[in-house]
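Only heavy atoms go into these numbers, but all of them, side chains included; no hydrogens, no water, no symmetry mates. What you see is a predicted model; the values in this text were computed from it and never measured. Read the numbers this way: they start at 1 and go in the same order the structure lists the ligands and their atoms.
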Amino acid sequence: MTARILVVDDIPANVRLLEVRLLAEYFEVLTAGNGPDAIETCENGKVDVVLLDVMMPGIDGFEVCKRLKSDPATSHIPVVMITALDQVSDRVRGLEAGADDFLTKPVNDLQLMTRVKSLVRLKSLTDELRLRASTTRNIGIEELLSRNFATEDTKPKVLLVDERKSSIERIRKMLRGSAELDVATDPNAGFFQAAETAFECVLISTAFADFDALRLCSQLRSLDRTRFLPIMLLADEGEEGRIIRGLELGINDYLTRPIDQHELTARLRTQVRRKRYNDQLRASVTQTIEMAVTDGLTGLHNRRYLDSHLETLFDRAVARRRPLSVMITDLDRFKSINDAHGHDGGDDVLREFARRLRKNVRGIDLACRFGGEEFVVVMPDTDGPIAEKVAERIRAEIAQAPFAIGSAGKTIEVTVSVGVSSVLRGADTVAALMKRADLALYEAKSGGRNRVVAKAA
Ligand SMILES: [Mg+2]
C-alpha cells in the first residue's frame, strides 16, 4: 500500500521519529514544521493522511484541523491528531475540530501503522468515489462534497457481536445516548442480522469461546450488502497479531480492553461519519450515472446511451458473425395528439408506448428513446425475418388497445410505423445500418402508416 503521509510537528526530532517508522513501511513521507506549511502542503494535493501534532506555536493542531476540514479541497483528507497521553479533553477538542482519529504520545508502533493503513484504505475509497463523481459532472455533487459532514444528528444503529454478559452490559452502558445498540450473542446470528438490517457499524468481540471472530469479519467483507459496513474489533491486550490479520481482512478499527468510553464513542463516530459521507457519495454517483443514460420521461435508455453502445454491439456481431437487427419506431401523427390533448396527454402516450415496447423486447435488446416520438430497439443475435416479426408484434400491441390519457378515463387510438434493418455480410457500418432502418421507416410512413417495413439491403 503506497500512500503519502504528511507529518506535522514543531519539534524536528519528533518529525524524524515518525518519518523513519513510516518509511520503513514504504509510505511516502512529507513533513511540515508548522500549521501554515501543513495547510499549504494539503492544498497542493496528493496528501493521503495527516499526522498532526496538537501543541505547536502559532496556529495549533486544533486550528489546523479545523481549517483543513472546513475547506472542500482538503476536508476529505483524514487527520490523525497526536495528543499528549491521557489528555481526554484534547481528544474531545480534536474531534470537535473534525479529526478522524487520534494517537497518544509516545506513539505505539502497532497503533500508528494500523490507524494509518485503515485511513489510507478509506481515503482511497473516497478518492475513487470523488473521481467518479467529478467525471460524471453532476451539479449536485459539488454541493455534496463541500457540505460539512456533521451528520451526527441521528443516532447510528450499531450491532454488537459478543457472548460475554458483563462485556455486553458495559458496552451498552457506554453507548447509551450515543447509539442504538443491537446485540447478537451468536456469531452466525450476528452475520444474518448484519446482512438484514442497515447497521452503520458492527462491533465484534474477539473473546468467543469457540469461534474465531476474524471468520465473521471476512464473511462480512465478502458479502455485497455488508462490504462497506464499518467493522471495529474489540480485542484483548496481547492480541496484536490478530488485529493485524483483521486489518488485512478489512476491519476498519479496533479497541483494546479495558475499553475507554471516550475512545469508543469517538472511534464509532468517526466510522459512522465516514460511512455516511461515502454512502451519500456512492448514491449520488449511481444516480448521476443513471440519469446520464436514462430518458427521464419513459425510463428507457436515452440517445447518448445508444450512441455509445450501438457501435460495440455492432462490432461484436460482425466479429462473431452473428446477426444483429435494429428497428426505428415512430408514433403516427404524434403532433396532432399533442395538439388535441396537450403535452401532458402526449407524455402519457409516450410513457404507455414505452411500457408496451418494453413488454415486447428481450432483456438483451437495447430499447432507447431516440428523441421526440422516435424509439430505437437494437436486437443482438436477431436476423431480419425475426426482427420483422418482433416489429409486427409491437405494431399490433400498440394498435390493439387504445391508450389512456389523463386521469378522467379518456382514451385515444395510437398507431406506430416501424422500419427494420439488419447487419449485412461484408462491408457494413453502423451509419449505413441506421440509414436503412430510417429509409424503411420512411416507406412505412408514406405507405399509409401503422405498418412495418423491413430493408434487406
Ligand atoms: Mg508540539
As an exercise, state the distance from OG1 of T114 to NZ of K117, rounded to the nearest 0.5 Å. 8.5 Å
With 2.8 Å as the limit, count the protein N, O or S atoms near the Mg ion (ligand 1). 3
Cation-pi, F403 ring and R356 (6.0 angstrom, 45 degrees): yes
Is there a donor-acceptor pair closer than 3.5 Å between any side-chain N or O of S167 and the backbone N or O of E163? no
Which donor-acceptor pairs under 3.5 Å do side chains of residues 41-49 form with protein atoms, sequence neighbours excluded?
unit_1	atom_1	unit_2	atom_2	d
T41	OG1	D37	O	2.8
N44	ND2	E40	O	3.4
D48	OD1	K123	NZ	3.0
D48	OD2	R4	N	2.9

Parallel, tilted or perpendicular: which describes the rings of H309 and Y305, with under 30° parallel and over 60° perpendicular? parallel
Near R164 CZ, under 6.0 Å, is it more than 12 heavy atoms from other residues, nucleotides or ligands? yes
